[in-house]
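Each remark here refers to the structure printed beneath this line.
Both ligands and their constituent atoms are indexed starting at 1 by order of listing.
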Amino acid sequence: MFKEPTYLDNHSTTKLDPKVLDAMMPFLTNNYGNSASQHYFGYVSSEAISIARKKIAVLINSSDEEIIFTSGATESNNLALKGIVDSYKSQGNHIITTKIEHSSIIDVCKKLEQKGIIVTYLSVDKTGMIDLLELQNSITDKTILVSIIFGNNEIGTIQQIQKISDICHSKGVLLHTDATQVIGQLNVDVRELNIDLMSFTSHKIHGPKGIGALFIKQTTPKILISALIDGGGHEKNIRSGTLNVPAIVGFGKAAEIAKSELLTNSNFVKNLRDKFETKLQLIDGIKINGNINSRLVNNSNITIPNIKIKNLMRKVKSVAFSTHAACSTMDGNISHVLNAIGLNKNEIESSARFGFSKMNTEKEIIEAADSLINAIKELQNSSTHIISHTNISNN
Ligand code: PMP
């Protein structure tokens with residue numbers, strides 16, 4: 001009988017929490033009103049959106065007016081960068097980011113460069129951390145925005161956002177962070193961290209896909225941001241389009257659960273990850289990537305000597321994992337993140353990303369580790385394993 005593989009690709013997306021589905025159901029069926037309509041059906045939807053917005057705001061300790069709904073973190077990142085650059089172009093033409101951003105930052109930066117914006121890509125050390133001094137020295141009087149990924153989606157490295165924020169604000173520069181992978185794993189308090197703009201998404205916290213948010217701090221003077229999508233003036237004229245009520249309700253529920261379960265889940269998931277890594281370390285020469293002291297609790301990115309991960313993926317069908325993020329900006333499906341931390345092509349091709357969640361069990365993690373270890377040993381022993389050049393796509 002077919003047995004579903006063990007899902008260890010939780011950086012890519014997560015399984016919908018059944019409680020989230022329950023919360024969404026009425027808005028996929030009877031409560032179908034457009035939240036902008038001025039009648040009963042509209043009021044039911046707009047009330048549900050207000051409640052969801054509050055729950056999302058509570059999760060990051062913002063006010064609900066500071067949450068703008070988007071279609072996901074890709075759009076939030078696009079909106080933050082393009083929107084700020086367009087609004088502040090008279091004040092400067094320089095932005096700063098890192099070499100290990102998600103493609104929805106890197107690709108936007110490449111486009112902005114074509115339009116005359118100067119972009120500094122900060123390098124990272126071998127653990128994936130940026131150099132704070134390099135950041136400080138890169139800020140000029142033309143810098144209008146710093147955008148730095150909070151927790152990396154491949155190697156899990158968590159940046160020192162508090163210190164980064166202090167540097168940006170001491171120089172009067174806005175800070176945006178892509179917190180997509182951090183939300184739900186770590187307590188993120190936008191007030192305490194003094195973040196100006198922050199992207200995140202629902203489907204990484206067991207919510208539905210296709211819905212995300214951009215937090216924009218309310219300050220005086222107001223942060224100005226040009227819209228990418230114009231239309232009916234929804235979301236304070238920053239993001240027009242009929243609101244996706246069921247998805248927003250689901251995102252709200254997922255945020256509420258993420259907040260209430262944060263400590264339990266992060267301890268649980270960390271324990272799974274640590275058990276998994278302890279087992280895999282039985283293989284000679286295994287190397288854990290990322291910053292061991294500042295890493296997402298659900299992340300394990302490992303380099304396994306003398307094998308190609310593509311071959312391991314073909315051999316171990318009982319475990320769903322990935323080589324790296326889908327949205328790599330480098331040619332040949334080579335991870336730009338692993339490249340930035342100094343891995344060579346061979347090491348990159350021998351690296352795998354595993355992502356854990358509250359939906360995993362200890363039993364399946366142990367079984368997954370055992371299957372992987374057996375397959376790795378076989379591959380390492382066989383001198384004939386084929387180095388294929390087929391691309392494997394990931395999410
Ligand atoms: N940023 C990071 C760090 C991510 O991991 C992802 C999802 N892979 C995104 C942005 C894009 O999120 P979404 O799928 O919601 O567009």
Side-chain angles (χ1 to χ4, degrees), residues 7-16 20 56 59-60 67-82 97-110 121 124 128 130 147-159 161 176-186 188 195 197-215 228-229 239 241 244 247-248 250-251 254-255 258 290-291 295-301 320-329 333 335-338 340-341 353-357 393-395:
Y7 187 73
L8 297 186
D9 196 16
N10 284 284
H11 297 294
S12 176
T13 195
T14 57
K15 186 176 175 182
L16 195 75
V20 171
I56 293 158
L59 178 63
I60 62 166
I67 301 292
I68 299 295
F69 286 118
T70 64
S71 62
T74 297
E75 187 187 327
S76 301
N77 284 341
N78 270 263
L79 176 58
L81 267 58
K82 293 175 184 165
T97 188
T98 77
K99 289 186 178 161
I100 59 162
E101 299 296 313
H102 186 260
S103 56
S104 55
I105 294 287
I106 303 242
D107 291 354
V108 172
C109 287
K110 299 277 173 224
Y121 300 90
V124 290
I130 66 155
S147 179
I148 291 181
I149 189 164
F150 202 143
N152 187 266
N153 50 307
E154 292 193 33
I155 53 173
T157 301
I158 300 170
Q159 302 296 332
I161 290 294
H176 166 256
T177 186
D178 176 356
T180 304
Q181 294 288 344
V182 176
I183 299 293
Q185 311 297 334
L186 205 71
V188 175
I195 291 165
L197 301 114
M198 185 171 86
S199 303
F200 54 113
T201 196
S202 146
H203 72 102
K204 311 282 183 183
I205 56 166
H206 305 282
K209 295 169 183 58
I211 187 74
L214 180 66
F215 156 80
L228 299 181
I229 303 171
R239 207 283 190 174
N244 185 345
I248 290 172
F251 188 8
N291 190 306
R295 186 167 58 134
L296 294 171
V297 288
N298 62 342
N299 176 270
S300 180
N301 189 306
F321 64 104
S322 63
T323 49
H324 57 84
C327 331
S328 173
T329 49
N333 217 12
S335 157
H336 66 287
V337 175
L338 298 181
I341 61 169
R353 178 184 71 171
F354 300 92
F356 305 87
S357 90
S393 66
N394 305 286
N395 298 307

The atoms of ligand 1 lying under 4.0 Å from a heavy atom of Lys204, numbered in the order shown, are 5 (O), 6 (C), 7 (C), 8 (N)
With respect to [atom], which of [options] exhibits the smallest heavy-atom separation?
atom                    : options                       : result
atom 6 (C) of ligand 1  : Glu154, Lys209, His102, Glu75 : His102
atom 13 (P) of ligand 1 : Ser12, Ala73, Ser103          : Ala73
atom 15 (O) of ligand 1 : Thr74, Thr201, Ile211         : Thr201

Could you tell me if Ser335 and Glu154 have a donor-acceptor pair between their side chains, going purely by distance under 3.5 Å? yes
>> Under a 3.5 Å cutoff, is there a donor and acceptor pairing between the side chains of Ser357 and Lys15?
In response: no
**Message:** Using a 3.5 Å distance criterion without hydrogens, assess whether the side chain of Asn10 forms a donor-acceptor pair with backbone atoms of Gly355.
**Reply:** yes
So is His203 polar-close to ligand 1, meaning N/O to N/O under 3.5 Å? yes
| query | Is the shortest N/O to N/O distance between His11 and ligand 1 below 3.5 Å? | reply | no
Under 4.0 Å between heavy atoms, the region of Ile149 that gets near ligand 1 turns out to be side chain
Side chains of [X] and [Y], heavy atoms from C-beta outward: is any pair under 4.5 Å?
X      : Y      : value
Ile183 : Lys204 : no
Asp9   : Arg353 : yes
Ile341 : Ile155 : yes

